[in-house]
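Here's the structure, in structure tokens; my notes come after.
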Amino acid sequence: MLELRFIRENIDLVKEKTSRRGMETTLLDKFADIDQQRLAILTEVEGLKNKRNVTSNEIAVLKRGSESEKKKAEPLIAEMKETSRRIKDLDARLNTIKEELHHIVMAIPNLCDDDVPVGMDDTDNIEIRKWGEKPTFSFTPKPHWELGEELDIISFEQAAKLSGARFALLKGFASKLDRALTNFMLDLHTQKHGYTEVLPPFLVNSASMTATGQLPKFEEDLFKIKDWDLYLIPTAEVPVTNIHRDETLSENDLPVKYTAYTPCFRSEAGSHGRDTRGLIRQHQFNKVELVKFTRPETSFSELESLLLEVETVLQMLELPYRVVTLCSGDLGFSAAKTYDIEVWLPGQNCYREISSCSNFLDFQARRGGIRYRPNGQKKSKLVHTLNGSGLAVGRTLLAVMENYQQKDGSIALPEILRPYFKSRFIPV
RNA sequence: GGAGAGGUGACCGAGUGGCUUAAGGUGCACGCCUGGAAAGCGUGUGUACGAGAGUACCGUGAGUUCGAAUCUCACCCUCUCCGCCA
């Protein structure tokens, strides 16, 4: 959410920046009109309320006085009866307008940072660096879904029986590898990168979804629990960022850093026909997430260190990747700037997103009332929030399978996973 | 699911219709004091909207009233006990 006053005073800038994202600006034309109506009614009703407060005090004084003074209160009471009726009317109108305005403001995306390249879609994203040597094969490398079925460690068919399309059943070595990767990532982030591990609820209420920006605009992307105000989380970002909703943190505690392993649930509405094979796009997948709460001054440097921490995971797993800066049109609703890390997949001969690291500035903090008190100052300020996947476990698993596949169909494993997986490879 | 108790500022906690402009305390900040610190003393200390005067906010939403933190109703949440259950 952007500040009301900021939108009012910078309406052209807001229009320009939202159109960079490829969004309609008609909403913003409506904003100015409704905002003006709101201020007019607000002024009137506040004047009446002031009168009511003052007169009520007068009545109180008269009522404590003599009989004749008590009599004097009666016309005042009659007058206030009428005033109260008008206040009630105006308040009702004001509430309607406020709701309309709130709807508009909640539908305005964050302003993209000036560093963000202007573009339409992912083809306009800018590669900023590459790491690692793509593996060479003496044979044609297979996609992971073929490897998984041949080794009998992933079954899409059985998962379809249980749940339908876009689900997978990991078996034996695959489920063990998923667990090994998760533990490796959590250990790295807690022991080397200074994150506190949390295990949050996987169902959250609408207030939480609203603070991080999934609601009200993107409800169709979520799974909702029937008859409950609960949604399955699409990412750990939601419960973890909401840990400090409506709280004031101490500046000395910043940056606050959490890592969480959770399953993630996404409806994938609107992506029919895309990535239908394999583990790439599932309704349910596991992810290790990193979340930071920072001072405004340091959020961009914290974004850079977050990116490096995520890259470390891929480097330790010796998986080749590249980093891209998302262009304005590809940026998520709440983010001001995002780096995507894309891992090399030899079985599909392409790079695929495996992590997304974003700075949300105070956009989520304002929605969620997440503040801190700067040392030596009276007024609290909004924190900045950031998060990044460190990493999406399912996609890491398939990247390991494709990059480490052997001619005989077995899969070698990164050295770093030895303490977690115990054996060196997944046998045929 | 049943019974009971409760939800007040950064935190604790008083407050059952109008001298409440939310007491008091803790914490925090600044000042005095000190060789320096602690203690002590003093001052200040929320959020939103508004150019400002001001208005609103005591779990949420309605209601009663000239006037509600305070009374009524509904709902949400927390705690204790009982029941059921991994």
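Within every chain, numbering begins at 1; the chains are lettered A, B, ... in the order of the sequence lines, protein sequences first and strands thereafter.
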Any side-chain heavy-atom pair of A:Thr276 and A:Arg166 under 4.5 Å: yes
Touch class at under 4.0 angstrom, heavy-atom based, for A:Leu249 against every strand present: nothing
Contiguous pairing runs of three or more, Watson-Crick or G-U under 3.5 Å, that involve RNA chain B: B:1-7 with B:76-82, B:10-12 with B:24-26, B:27-32 with B:40-45, B:46-49 with B:54-57, B:59-63 with B:71-75
Any A:Asn50 side-chain N or O less than 4.0 Å from OP1/OP2 of B:rG54: no
Exceeds 12 heavy-atom contacts within 6.0 angstrom, atom NZ of A:Lys217: yes
Under 3.5 Å: donor-acceptor pair, side chain of A:Asn125, backbone of A:Cys327: yes
A:Phe167 and A:His283 aromatic ring geometry - parallel, tilted or perpendicular at 30°/60° bounds: tilted
Closest listed nucleotide, where the reference is the side chain of A:Arg8 and the choices are B:rA51, B:rG46, B:rU55: B:rA51
Euclidean distance for C1', B:rU72 against B:rA22 (whole angstrom): 23 Å
B:rC79 and B:rC12, which share atom name P, separated by this distance in whole Å: 15 Å
A:Arg86, CZ: over 12 other non-hydrogen atoms inside 6.0 angstrom: no
Pairwise P distance, B:rG18 and B:rC71 [rounded to whole Å]: 11 Å
Listed nucleotide nearest any side-chain atom of A:Arg5, set B:rG50, B:rU64, B:rU55: B:rG50
A:Glu297 atom CD, over 12 foreign heavy atoms within 6.0 Å: yes
Other residues, nucleotides, ligands: >12 heavy atoms within 6.0 Å of A:Arg8 CZ: yes
Can you check nucleotides 65-70 of chain B for protein contacts, nitrogen or oxygen pairs under 3.5 Å, and list what you find?
residue: B:rC66; atom: O4'; partner: A:Ile77; partner atom: O; Å: 3.4
residue: B:rC66; atom: O3'; partner: A:Ser84; partner atom: OG; Å: 3.3
residue: B:rG67; atom: OP1; partner: A:Ser84; partner atom: OG; Å: 2.7
residue: B:rG67; atom: O4'; partner: A:Ser56; partner atom: OG; Å: 3.2

Proximity to the side chain of A:Arg371 - top-ranked nucleotide from B:rA48, B:rU64, B:rC49: B:rA48
